[in-house]
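Just so we're clear, the structure is a prediction, and the values are computed from it rather than from any experiment. Start at 1 with the first residue, then count along the sequence. Atom set for the values below is all heavy atoms of this structure, side chains included, hydrogens, waters and symmetry mates excluded.
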Amino acid sequence: LKEAFDLLVAERAGDFNLNVAVSDLSSSGMASLSVLGEQPLTNGQHFLAEASSQINKEFESRFGATTSRAVQCSNLREIFQQYAAGRRIHFLKIDGEGLEFKALKGLRLESLSEKLFPTVILLEATLPDTKLSSHFRLGCRSYLEANDYKYLFFDGLNDYYCRSIYHDSFASRVLPPNIYDRPSINC
């Protein structure tokens with residue numbers, strides 16, 4: 001959404017922001033963005049229409065009218081090559097409201113330059129606004145494992161992966177929340 005992008009740029013003026021939908025499509029592609037509700041900036045609900053007709057119906061019943069907008073697409077490989085050339089990418093988070101696998105495939109890891117391989121990749125692994133495991137989760141895992149990544153852990157919302165060469169180092173340091181965290185409650 002252009003309106004949301006403008007707010008983001010105003011709040012994070014020091015960041016480099018792109019107003020594109022990230023998918024497996026090239027920058028010459030367009031996608032249809034479904035905008036839900038009368039005030040999408042208030043409730044923050046917008047997502048690519050191709051995510052799922054079932055999700056579209058569910059969100060429409062919760063948020064009211066749906067309108068469609070055409071938005072420019074790009075893929076992560078093009079973005080990396082244009083904006084991160086020569087840089088090491090340590091961390092990549094993909095939260096695509098159901099389109100994480102398409103965004104991930106847009107990197108085309110099987111032929112990506114070694115310098116552009118992210119060290120750690122975090123993928124949202126549940127269906128939007130639910131605790132249910134997403135339908136693309138196993139596809140993402142298979143794709144990453146076939147391209148020299150290993151699964152680290154699931155935090156209840158996201159799956160974490162790292163390059164195979166770093167797995168032993170990360171695995172020994174990564175623990176999910178546990179009894180040794182010593183939580184306290186202040187009332």
Side-chain angles (χ1 to χ4, degrees), residues 1-37 39-51 67-126 128-129 134 136-137 139-140 143-144 147-150 152-153 155 157-166 169-170 173-174:
L1 287 175
K2 177 76 169 102
E3 305 92 318
F5 179 74
D6 291 343
L7 289 173
L8 175 69
V9 169
E11 286 291 318
R12 301 185 60 110
D15 291 352
F16 186 81
N17 301 293
L18 300 173
N19 191 20
V20 298
V22 177
S23 182
D24 54 347
L25 301 173
S26 71
S27 59
S28 61
M30 297 293 282
S32 176
L33 183 74
S34 289
V35 181
L36 305 174
Q39 298 179 326
L41 293 182
T42 302
N43 63 31
Q45 298 299 325
H46 49 278
F47 66 99
L48 289 176
E50 58 212 53
T67 58
S68 229
R69 298 187 197 180
V71 294
Q72 183 70 45
C73 283
S74 189
N75 61 54
L76 286 172
R77 185 187 193 107
E78 290 173 341
I79 292 169
F80 280 20
Q81 289 173 334
Q82 186 169 355
Y83 301 103
R87 296 181 180 165
R88 176 73 58 201
I89 298 168
H90 297 285
F91 186 80
L92 172 65
K93 180 185 189 324
I94 300 175
D95 177 356
E97 298 304 324
L99 294 174
E100 286 78 1
F101 193 33
K102 280 190 167 200
L104 182 62
K105 287 192 308 185
L107 261 177
R108 295 193 307 275
L109 288 168
E110 56 279 357
S111 62
L112 189 66
S113 163
E114 181 67 28
K115 273 190 164 182
L116 293 177
F117 265 82
T119 304
V120 174
I121 297 178
L122 178 153
L123 297 166
E124 187 171 35
T126 60
D129 285 344
S134 71
F136 59 80
R137 198 169 173 198
C140 288
Y143 180 74
L144 287 168
N147 285 286
D148 199 34
Y149 281 85
K150 287 192 175 182
L152 278 171
F153 72 98
D155 68 5
L157 179 64
N158 306 290
D159 281 331
Y160 291 74
Y161 296 87
C162 70
R163 294 289 306 273
S164 295
I165 59 172
Y166 301 110
S169 173
F170 283 131
R173 295 185 176 117
V174 176

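The shortest side-chain heavy-atom distance between E100 and F136 falls under the 4.5 Å cut-off. Looking at L122 and I94, their side chains never come closer than 4.5 Å, going by heavy atoms from C-beta outward. Residues L144 and L109 are in side-chain contact: their nearest non-hydrogen atoms beyond the backbone lie under 4.5 Å apart. The shortest distance between side-chain heavy atoms of I89 and F80 falls below 4.5 Å. The shortest side-chain heavy-atom distance between V120 and H90 does not fall under the 4.5 Å cut-off. The closest side-chain heavy-atom distance from L123 to Y161 is below 4.5 Å. In this structure, the side chains of L76 and L92 come closer than 4.5 Å at one or more pairs of heavy atoms. Counting only heavy atoms from C-beta outward, the side chains of N75 and D24 never approach each other to under 4.5 Å.
For K115, the NZ atom is loosely surrounded, since the number of other residues' heavy atoms within 6.0 Å does not exceed 12.
Between the side chain of S164 and the backbone N or O of D148, at least one donor-acceptor pair lies under 3.5 Å. In this structure, D15 contributes its side chain and N17 its backbone to no donor-acceptor pair below 3.5 Å.
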Verdict with reasoning, N19 to Q72, per side-chain contact (heavy atoms from CB on, under 4.5 Å): CA-CA 8 Å; N19 191 20; Q72 183 70 45; over 6 Å; no
Could you walk me through whether E11 and L8 satisfy the side-chain contact (heavy atoms from CB on, under 4.5 Å) test, starting with their C-alpha distance in whole Å, then the side-chain angles of each, then the deciding distance to 0.1 Å, before giving a yes or no? CA-CA 5 Å; E11 286 291 318; L8 175 69; 5.7 Å; no
Apply side-chain contact (heavy atoms from CB on, under 4.5 Å) to the pair Y160 and I121, showing each step before the final yes or no. CA-CA 6 Å; Y160 291 74; I121 297 178; over 6 Å; no
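Of all heavy-atom pairs between A84 and L116, the closest is O-CD2, 3.7 Å.
Here the CG atom belonging to L107 is positioned 9.5 Å from the CG atom belonging to N147, to the nearest 0.5 angstrom. To the nearest 0.5 Å, atoms SG (C162) and CZ (F153) are separated by 10.5 Å. Atoms CG and NZ, from L152 and K150 in turn, are 10.0 Å apart once rounded to the nearest 0.5 Å.
Between the side chains of R77 and S111, at least one donor-acceptor pair of N or O atoms lies under 3.5 Å. E110 and Y143 form a side-chain donor-acceptor contact under 3.5 Å, judged by distance and modelled atom types alone.
Look at R163 and E114 and you find a salt bridge, because one of the NZ, NE, NH1 or NH2 atoms lies within 4.0 Å of a carboxylate O, short of that distance.
A cation-pi contact, defined as under 6.0 Å to the ring centre and within 45° of the axis, links K105 to F101.
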